[in-house]
Amino acid sequence: MRPLESPASNARPAEQSASRAILRGLLNAAREAVLIVDSDMRIAAANRPASEAFARNLGSLESRRLSEIIRDFSLHQAFRKAVADEAASDIKLDLIGTENQNYDVHIAPLDLEGGRYAIGVFYDVTPIERLERVRQEFLSNISHELRTPLTSIMAFVETLEDGAIDDKENNRRFLSVIRRNAEKMNILIADILVLSLIESGNVSVDKTGVRLAHHIEDVFTSLSSRAAERNIELVNEVGDDIRVLADAGRLEQMLTNLIDNAIKFNREGGSVTVAYEERDGRSLITVADTGEGILNSHLQRIFERFYRADRGRTREIGGTGLGLAIVKHLARLHGGEVSAASTLGKGTTFTIELPVN
């Protein structure tokens with residue numbers, strides 16, 4: 001820390017040195033970034049977190065003008081007010097850069113060795129702000145996903161109440177639409193609950209050696225009618241003797257989500273192929289489709305909750321937008337990972353990587 005000069009000070013040099021050493025220790029012990037600014041709006045002292053947060057390529061912060069470090073009018077005004085009027089204040093500071101940073105800043109007057117300064121403590125609330133944005137986006141998506149089938153249900157219920165219930169030609173069709181939309185809501189709520197349990201750490205996996213081909217065939221059977229509707233061929237290339245170390249129920253859940261996705265986003269008359277290989281101590285389970293493929297710009301985000309590479313088509317064919325997020329979390333619970341590779345016009349391959357032991 002630069003010596004805080006004070007011509008008016010009557011303190012002995014030894015006392016001054018000791019007090020500055022104590023102040024330097026206190027500042028560097030703080031987890032938050034701390035700046036001390038003098039009456040000329042120059043930085044008199046800065047701790048390590050402040051240097052890490054604001055120095056960039058400038059080197060030492062001390063003796064530099066505050067405006068060189070942070071260009072924010074409200075921040076400068078708060079520091080001036082603390083020095084001139086000895087008034088404390090709290091402000092919000094948003095720094096726009098490669099990664100946006102958000103701070104709650106408390107600025108207060110400070111008397112050091114007879115000199116007038118202002119101290120600013122920068123509380124980094126960036127993670128909290130990000131979580132809040134995620135929460136708001138999640139609630140917005142949930143509201144939208146629930147509102148769509150609910151609106152349809154309400155419309156057909158009102159139609160039935162207005163007399164259509166006696167319309168023998170249409171009443172069962174209306175009831176069928178209501179049932180389908182109620183099922184969509186039920187699936188969405190179930191997926192939300194599963195994802196919430198996983199993310200809160202309340203889901204565990206009981207890994208045993210399970211026959212992979214057997215579980216693939218079970219998933220194929222449950223999805224066969226959906227595949228038949230679009231003339232999709234389901235191909236199992238996994239040998240009967242292949243076993244993987246996994247929780248049987250969670251493995252089937254991952255396979256169901258990936259194979260169901262591959263059917264939905266495939267082209268008419270296409271195929272879905274499930275294969276297996278062991279490489280570098282990892283079990284690799286691949287689910288490949290022959291669809292239109294996914295743009296590279298979307299591949300890194302498709303495992304996010306509610307993210308859709310083709311929103312229009314997803315609305316048309318259905319889905320909660322949570323399936324791939326569930327696969328990602330379940331794979332990680334196994335100590336593995338899931339990834340995707342795609343070629344436009346040829347298809348997409350999802351790979352579940354699981355530890356061999």
Side-chain angles (χ1 to χ4, degrees), residues 1-9 11 16 18-143 199 304-305:
M1 180 173 29
R2 182 177 68 86
L4 298 170
E5 298 176 1
S6 177
S9 174
Q16 289 180 345
S19 65
R20 290 167 192 164
I22 293 171
L23 178 59
R24 185 183 300 109
L26 289 172
L27 292 182
N28 286 326
R31 296 173 60 184
E32 292 78 19
V34 180
L35 294 178
I36 296 177
V37 175
D38 64 21
S39 57
D40 294 326
M41 291 295 105
R42 289 186 179 275
I43 297 173
N47 66 351
R48 293 191 195 98
S51 296
E52 292 169 2
F54 308 128
R56 300 185 293 277
N57 298 321
L58 298 174
S60 175
L61 296 181
E62 293 169 5
S63 299
R64 293 185 178 276
R65 288 193 174 277
L66 181 62
S67 57
E68 291 182 63
I69 310 303
I70 304 172
R71 293 188 176 92
D72 185 89
F73 181 76
S74 60
L75 180 74
H76 295 185
Q77 288 293 95
F79 270 105
R80 288 186 185 282
K81 184 179 179 181
V83 173
D85 303 333
E86 297 189 353
S89 56
D90 295 282
I91 67 164
K92 280 192 162 295
L93 176 66
D94 298 319
L95 298 181
I96 310 299
T98 305
E99 291 186 7
N100 294 352
Q101 295 293 119
N102 310 103
Y103 295 93
D104 284 343
V105 188
H106 178 70
I107 300 166
L110 182 66
D111 184 15
L112 287 174
E113 301 172 355
R116 300 181 71 176
Y117 297 84
I119 183 170
V121 182
F122 296 72
Y123 299 93
D124 189 352
V125 295
T126 306
I128 298 172
E129 294 287 339
R130 287 174 183 165
L131 286 173
E132 178 61 19
R133 286 194 294 271
V134 169
R135 185 189 69 84
Q136 290 176 355
E137 183 179 349
F138 182 71
L139 290 176
S140 175
N141 282 321
I142 286 290
S143 300
E199 292 183 338
E304 296 177 12
R305 295 177 296 185

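Just so it is clear, the model here is predicted, and its values are computed rather than measured.
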Original post:
What pairs of residues pass the ring-ring contact (aromatic ring centres under 6.0 Å, His included) test when at least one of them lies in residues 73-97, not counting sequence neighbours?
Top reply: none
**OP:** Please identify each residue that fulfils salt bridge (charged side-chain N to carboxylate O under 4.0 Å, His left out) with R65, with sequence neighbours left out.
**Re:** none
Please tabulate, for the side chains in residues 87-94, all donor-acceptor contacts under 3.5 angstrom to protein atoms that are two or more places apart in sequence or on a different chain.
unit_1, atom_1, unit_2, atom_2, d
D90, OD1, H106, ND1, 2.8
K92, NZ, D104, OD1, 2.8
D94, OD1, N102, ND2, 2.7

**OP:** Any chance you could measure L61, atom CG, to E52, atom CD, to the nearest 0.5 Å?
**Re:** 11.0 Å
Subject >> Contacts of S74 that satisfy side chain to side chain donor-acceptor pair (under 3.5 Å) - sequence neighbours left out >> reply: D72
Subject >> Partners passing salt bridge (charged side-chain N to carboxylate O under 4.0 Å, His left out) against R48 (at least two apart in sequence or in another chain) >> reply: none
Original post:
Is there a donor-acceptor pair closer than 3.5 Å between any side-chain N or O of R64 and the backbone N or O of I43?
Top reply: no
Original post:
Taking only residues two or more places apart in sequence, or in another chain, which ones meet V121 in a side-chain contact (heavy atoms from CB on, under 4.5 Å)?
Top reply: E32, V34, Y123
**OP:** Sequence neighbours left out, what pairs pass ring-ring contact (aromatic ring centres under 6.0 Å, His included) with at least one residue falling in residues 33-61?
**Re:** F54-Y103, F54-F122
Original post:
Which atoms form the tightest heavy-atom contact between P109 and A82, and what is the distance?
Top reply: CB-O, 3.3 Å
Subject >> Heavy-atom closest contact (L35 atom, A50 atom, distance) >> reply: CD2-CB, 3.8 Å
Original post:
Which atom pair, heavy atoms only, marks the closest approach of E62 to A44?
Top reply: CG-O, 4.0 Å
**OP:** Mark yes or no for whether D40, through its side chain, and R42, through its backbone, hold a donor-acceptor pair below 3.5 Å.
**Re:** no
**OP:** Report the C-alpha separation of I107 and L75 in whole Å, then their side-chain angles, then the decisive distance to 0.1 Å, and conclude whether the side chain to side chain contact (heavy atoms under 4.5 Å, CB included) test is met.
**Re:** CA-CA 9 Å; I107 300 166; L75 180 74; 3.8 Å; yes
Subject >> Atom pair CG (D38) and CZ (R116), whose distance is rounded to the nearest 0.5 Å >> reply: 12.5 Å
Original post:
In Å and rounded to the nearest 0.5 Å, what is the CD1 to CG distance from I119 to D111?
Top reply: 12.5 Å
Original post:
Any side-chain heavy-atom pair from V83 and V37 closer than 4.5 angstrom?
Top reply: no
Subject >> Those residues that, when tested against R80, pass side-chain contact (heavy atoms from CB on, under 4.5 Å) (two or more places apart) >> reply: M41, Q77
